[in-house]
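Following: one structure in structure tokens, then a few remarks.
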Number of protein chains: 2
Amino acid sequence: MSTDAVGVVAASTAAAGVAAAGAVAAGAAGMALPVARIAPRPVPPARSARVTEILQAALRLLEDEGAQSLTMRRLGEVLGIRAPSLYKHLPGKPAVETALIETALWEIGDVLHRVVDASGPDDVVGRLLAEYRRYALGRPNLYRLTAVDPLGRTDLTPGLEDWSGEPFYRATGEPYLAQALWAAAHGTVLLELAGRFLPGSDLDRTWAALARAFTVR
Amino acid sequence: MSTDAVGVVAASTAAAGVAAAGAVAAGAAGMALPVARIAPRPVPPARSARVTEILQAALRLLEDEGAQSLTMRRLGEVLGIRAPSLYKHLPGKPAVETALIETALWEIGDVLHRVVDASGPDDVVGRLLAEYRRYALGRPNLYRLTAVDPLGRTDLTPGLEDWSGEPFYRATGEPYLAQALWAAAHGTVLLELAGRFLPGSDLDRTWAALARAFTVR
DNA sequence: AGGCGTTGGCTAACAACGTTAGCTCCGGTG
DNA sequence: CACCGGAGCTAACGTTGTTAGCCAACGCCT
């Protein structure tokens, strides 16, 4: 995995195009897909160099050794310091997790917006799902982290989750269909990551069936 | 909540009708829905009276006080014994969780098979999803428990997960579409339980959009 | 009736976890 | 030169899952 993902996210600026708000009210019927970007990309919070280092280490630790290895002591260890010293930089473990979740949301948002930009009405849904799947499979433990708890919305960068989910709206042109598609992708990824589909299943076909269901016919 | 769910599950026998296996190979085109039951209902493992008591208490504890309250000490407390004594009956906490997950799978399977039995080709998908949602919302913490970890398949009653997922096949008539529908329902429930849809969303409409996507048109 | 093994409780304890309190050292600034 | 804040440290607390070892009660077999 790319170990400097946190740094990349913190550095990238990605001017998000803001589209005419009229597109929102247009409804689904006969609308051109994909819809243009609307929500502005939220600005990542400023972080000290040391904090960035810590989060990089945490991400690497999480992906390399699994969620149960992401402990404050182990995190300190890979950084060459003791666990209590981490509290000089971060308020606690939930803050580490929240920061990692934000990383995931930023990466997912960037990746999905980009693929929607590059797609036409016929293949948006399929390509969106493929990219969603590809991302989650590439960072399985990080993705799962985003799914565990009610996600302390409070200390999440405002607008981040909306912006990162917007590609689903852009792909469907209808907010509720967008939510359904997002949820479907989320569930399919989780089951695939957990290895819970019937053994021997050709998961490509499962994803294809999903794409077909959500493709306007 | 019904506190004796574990007992109910352990007691119920529910002779599952076994259908002609030919239906499996029939494919999706022009097939009558819903498909008949195929997989036999697995037989619940025999449990001592005390173990059943413990699992009932665990389920009640989980639903009443949340997952973070389901600790061995707290579980012992509500039973009037000390935590180590639990190990005279169960090998550890994972065993408690696995047993609860099995409870959920049995209940879900029963509920979904029943609703598919009572549905016609036009309304199967919608009613199946509605029932899935209703169950999960009624036992939120239990449902979440089934989603957390890779689900130690080893010590799960053989065939249980397949049988409990079969209603999705019965509703769609095609295995991969069934997997996609199951995954979509799973994801939507998880996001709803986690409160992660946009605030103010009318979730009924999200579920309706999902049902529409999976309804053969 | 008497020994005896199994069942099911107990306490004490361990390792690992997140976290807090309080000390120290070191580098920059007045 | 004084000092002050940043960033490390150790010690410790409370919780968690879990193990070891002890003991009382009950059923059973001779």
Side-chain angles (χ1 to χ4, degrees), chain A residues 6 45-101 141-142 144-145 148-152 154-155, chain B residues 6-7 45-101 141-142 144-146 148-152 154-155:
Chain A
V6 177
R47 285 175 186 140
S48 80
R50 191 56 167 149
V51 168
T52 303
E53 273 179 1
I54 292 174
L55 295 178
Q56 280 176 10
L59 179 55
R60 153 164 262 150
L61 190 56
L62 173 66
E63 283 301 354
D64 289 358
E65 306 185 17
Q68 81 288 355
S69 288
L70 185 58
T71 73
M72 297 303 268
R73 281 175 174 83
R74 184 92 187 80
L75 179 55
E77 195 180 329
V78 310
L79 285 160
I81 64 178
R82 304 296 176 140
S85 303
L86 294 169
Y87 289 77
K88 298 290 178 173
H89 304 279
L90 293 155
K93 193 184 179 187
V96 175
E97 293 172 337
T98 300
L100 293 184
I101 290 172
N141 291 319
L142 179 57
R144 271 152 114 145
L145 192 64
V148 285
D149 49 5
L151 197 68
T154 326
D155 16 49
Chain B
V6 177
R47 287 178 185 139
S48 79
R50 190 58 167 146
V51 168
T52 303
E53 272 179 1
I54 293 174
L55 295 178
Q56 280 175 9
L59 179 56
R60 153 164 263 149
L61 190 56
L62 173 67
E63 283 302 353
D64 289 358
E65 306 186 17
Q68 81 289 353
S69 288
L70 185 59
T71 74
M72 298 302 270
R73 281 176 176 83
R74 183 93 188 79
L75 179 54
E77 194 180 330
V78 311
L79 286 159
I81 64 178
R82 303 298 175 136
S85 302
L86 293 169
Y87 290 78
K88 299 289 177 168
H89 304 279
L90 293 155
K93 193 182 178 186
V96 175
E97 294 172 336
T98 300
L100 293 183
I101 290 172
N141 292 318
L142 179 57
R144 279 185 73 163
L145 194 64
T146 71
V148 286
D149 50 6
L151 196 68
T154 327
D155 16 49

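Computed from heavy atoms alone, side chains included, the values below leave out hydrogens, waters and symmetry copies. Chain naming here is simple, since letters A, B, ... match the order of the sequence lines and numbering starts at 1 in each.
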Starting at CD of A:E97 and ending at P of C:dC17, how long is that distance when rounded to a whole Å?
14 Å
Tell me what A:P94 touches on the nucleic acid: a base, only sugar-phosphate, or nothing, going by heavy atoms under 4.0 Å.
sugar-phosphate
State, to 0.1 Å, how close A:I54 and A:L79 come at their nearest heavy-atom pair, and which atoms those are.
CG1-CD1, 3.7 Å
In whole Å, what is the span from the CZ atom of B:R74 to the P atom of D:dG17?
12 Å
What's the NZ-P distance between B:K93 and D:dG17, to the nearest Å?
4 Å
How many whole angstroms separate atom CD of B:E77 from atom P of D:dT15?
11 Å
Just to verify, what does B:A83 make a side chain to side chain contact (heavy atoms under 4.5 Å, CB included) with, not counting sequence neighbours?
B:M72, B:R73
Would you mind reading off the distance between B:L75 atom CG and D:dT15 atom P, rounded to a whole angstrom?
18 Å
Does any donor-acceptor pair link the side chain of A:R73 with the base of C:dG18 at a separation under 3.5 Å?
yes
If you take all heavy atoms of B:V51 and B:L90, which pair is closest and at what distance?
CG1-CD2, 4.2 Å
Whole angstrom is fine here: how far is it from OH in B:Y87 over to P in D:dG21?
17 Å
Pairs: protein N or O with nucleotides 9-11 of chain D N or O, under 3.5 Å:
| residue | atom | partner | partner atom | Å |
| --- | --- | --- | --- | --- |
| D:dC9 | OP2 | A:R82 | N | 2.5 |
| D:dC9 | OP2 | A:S85 | OG | 3.0 |

Please identify each residue that fulfils side chain to side chain contact (heavy atoms under 4.5 Å, CB included) with A:E77, with sequence neighbours left out.
A:R74
Should B:L70 and B:L100 count as side-chain neighbours, where that means a heavy-atom distance under 4.5 Å?
yes
Spacing of A:Q68 atom CD relative to C:dA15 atom C1', expressed in whole Å:
16 Å
